[in-house]
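Shown next, in structure tokens, is the structure this report addresses.
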Amino acid sequence: LPRSASARAVSDVEGLMLERDAFKTFVKEHPERANFLLLGLLRVINQRLMWTNEELVTLYDVAHIVSEFKDDVEGMVERLTEKVKGATKAERVEIILEDRSQKIEGRMGTERTVREGGRLTIGICDLSGTRMGDMVLEKAAASDWRLEQEKVAEVIADHLGIALADHHFLQAEKDRSKLKRESVQF
């Protein structure tokens, strides 16, 4: 059967596989343990489904904000800051869009997301990987960050990077069109 997921290890791991026939035998021979195992799996699947649902709702909201404020970067950043704060339960969120590429690369190396204590710094990049700024989120302690909160913040940073690239492109086209009209008048 095809697999519904894949995994990548970041350190040495030992993997185990339970084949279908062996699982059926386990269920028949140890029904209480099998019940415990299956209930645990259902809890994990339910939690992941809830996280996915929450993420989809957040992404819908982000797409709406980006669409609503496509010509108002400051307004977009302000609304996205509020959205990130709510979605991640961060105590403080700051979106920095200055051109600080050298400082960012020097501090973060090639990492896109860096954790320093309770601070999470996520690079805001366009589709080509060009760094456009940082999203800095803070909580009281590093242990307060859940993986799904970090993931949602990274996806919002991705949307913001794409929206900024589109905004810069459209602004450049408007400027070029204006320059063309002005040069024709001379």
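Here the structure is a predicted model, which is why all the values come from computation and not from measurement.
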Practice prompt. Could you pull out all residues at least two apart from Glu154 that satisfy side chain to side chain donor-acceptor pair (under 3.5 Å)?
Written response: Thr113
Discussion item. Going by salt bridge (Lys or Arg N to Asp or Glu O under 4.0 Å), name the residues that satisfy it together with Glu150, two or more places apart in sequence or in a different chain.
Written reply: Arg115
Worksheet item: Which residues pass the side chain to side chain contact (heavy atoms under 4.5 Å, CB included) test with Asp72, sequence neighbours left out?
Response: Phe69, Glu74
Fill in: Euclidean distance, Asp126 CG relative to Leu160 CG, rounded to 0.5 Å
11.0 Å
Item to complete: Using side chain to side chain donor-acceptor pair (under 3.5 Å) as the criterion, list what pairs up with Ser143, not counting sequence neighbours.
Response: none
Response to the item:
Residues passing the side chain to side chain contact (heavy atoms under 4.5 Å, CB included) test with Asp158, sequence neighbours excluded, are Arg112
List the atom pairs, with distances to 0.1 Å, where a side-chain N or O of residues 52-64 and a protein N or O form a donor-acceptor pair under 3.5 Å, not counting sequence neighbours.
residue : atom : partner : partner atom : Å
Thr52   : OG1  : Arg48   : O            : 2.9
Thr58   : OG1  : Glu54   : O            : 2.9
Asp61   : OD2  : Lys83   : NZ           : 2.7

Fill in: For Glu173, all residues meeting salt bridge (Lys or Arg N to Asp or Glu O under 4.0 Å), sequence neighbours excluded
Arg176
Discussion item. If the condition is side chain to side chain donor-acceptor pair (under 3.5 Å), which residues does Glu68 pass it with, not counting sequence neighbours?
Written reply: none
Discussion item. Using the side chain to side chain donor-acceptor pair (under 3.5 Å) criterion, which residues pair with Glu94? Sequence neighbours excluded.
Written reply: Arg92
Show me the side-chain donor-acceptor pairs of residues 26-38 shorter than 3.5 Å, one per line, residues at least two apart or across chains.
none

Practice prompt. Only counting residues at least two apart or in another chain, list the ones meeting side chain to side chain contact (heavy atoms under 4.5 Å, CB included) with Ile45.
Written response: none
Worksheet item: So which pairs with a foot in residues 136-169 pass ring pair (Phe, Tyr, Trp, His ring centres under 6.0 Å), sequence neighbours left out?
Response: none
